[in-house]
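Dropping a structure here in structure tokens format, bear with me for questions.
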Amino acid sequence: MYLRRCYRRRSGKRHAYWALVESYRTARGPRQRVVAYLGETNEQGRLGVKNAAESRQGGEQLKLFEETRAEWIEVDVNGLRIENIRALGGPWLGMTLWHELQLPELLARLLP
């Protein structure tokens with residue numbers, strides 16, 4: 001669920017109001033439905049609705065405003081372009097071997 005700002009023209013003026021919206025999936029793709037109209041609330045009112053929706057009272061309720069991360073992203077490889085390529089593999093491997101073989105300690109002991 002998330003808060004959506006909606007606009008409406010009334011008597012020649014543009015008015016904004018807020019709605020609590022829920023997303024769900026159908027066979028035809030994702031859809032949204034309005035759970036509650038909140039009216040013309042200020043920022044403090046919107047934060048109050050968000051905090052009330054996120055509260056854990058009542059047992060098993062999930063967070064309404066939890067950020068989700070995609071597990072994969074589809075990329076159109078025909079539209080990709082590579083620029084400013086830097087060779088990082090060789091220097092990184094050399095530095096890793098340098099530290100894994102403890103060469104700084106060895107050279108500090110052998111060289112005065």
Side-chain angles (χ1 to χ4, degrees):
M1 286 192 205
Y2 61 95
L3 292 176
R4 177 190 289 168
R5 178 181 274 180
C6 304
Y7 296 99
R8 179 179 179 179
R9 287 206 175 270
R10 190 178 324 155
S11 63
K13 293 183 181 179
R14 184 176 170 190
H15 294 277
Y17 64 94
W18 293 87
L20 185 62
V21 180
E22 175 185 40
S23 295
Y24 63 98
R25 291 197 164 275
T26 65
R28 294 177 48 194
R31 301 286 187 255
Q32 293 84 31
R33 64 177 151 235
V34 175
V35 175
Y37 289 104
L38 304 175
E40 296 181 15
T41 60
N42 57 9
E43 184 176 359
Q44 187 177 13
R46 290 190 303 274
L47 288 175
V49 169
K50 182 177 177 182
N51 290 338
E54 287 179 346
S55 70
R56 291 280 180 174
Q57 298 173 0
E60 298 294 321
Q61 180 166 346
L62 301 174
K63 289 181 74 173
L64 295 177
F65 296 94
E66 186 174 25
E67 292 191 27
T68 58
R69 294 184 180 187
E71 293 182 18
W72 68 86
I73 297 174
E74 292 185 21
V75 177
D76 180 16
V77 292
N78 295 328
L80 284 178
R81 182 172 78 196
I82 300 174
E83 298 177 351
N84 298 331
I85 299 173
R86 292 187 172 91
L88 183 65
W92 177 80
L93 179 62
M95 201 63 160
T96 303
L97 287 174
W98 176 267
H99 290 293
E100 286 293 319
L101 295 174
Q102 300 175 351
L103 292 178
E105 292 83 9
L106 177 67
L107 292 176
R109 274 186 308 165
L110 296 177
L111 298 175

Glu100 atom CD, neighbour heavy-atom count above 12 within 6.0 Å |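 Not more than 12 within 6.0 Å, no.
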
Could I get the full list of salt bridge (charged side-chain N to carboxylate O under 4.0 Å, His left out) partners for Arg31, not counting sequence neighbours?
-> none

Is there a path of hydrophobic side-chain contacts, each under 4.5 Å between heavy atoms of I, L, V, M, F, W or Y residues, that connects Leu110 with Leu103?
->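 Same hydrophobic cluster.
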
Applying the 4.5 Å side-chain criterion to the ILVMFWY set and letting contacts propagate, would Trp92 and Trp98 be lumped into a single cluster?
->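 Hydrophobic grouping puts Trp92 apart from Trp98.
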
Spacing of His99 atom NE2 and Glu105 atom CD [to the nearest 0.5 Å] = 9.0 Å

Path from Leu101 to Leu107 over hydrophobic side-chain contacts below 4.5 Å | yes

Using the ring of Tyr17 (Phe, Tyr or Trp, six-membered ring only), decide whether Arg8 places NZ or CZ under 6.0 Å from its centre and within 45 degrees of its axis.
->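 Judged by the rule, Arg8 and Tyr17 form no cation-pi pair.
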
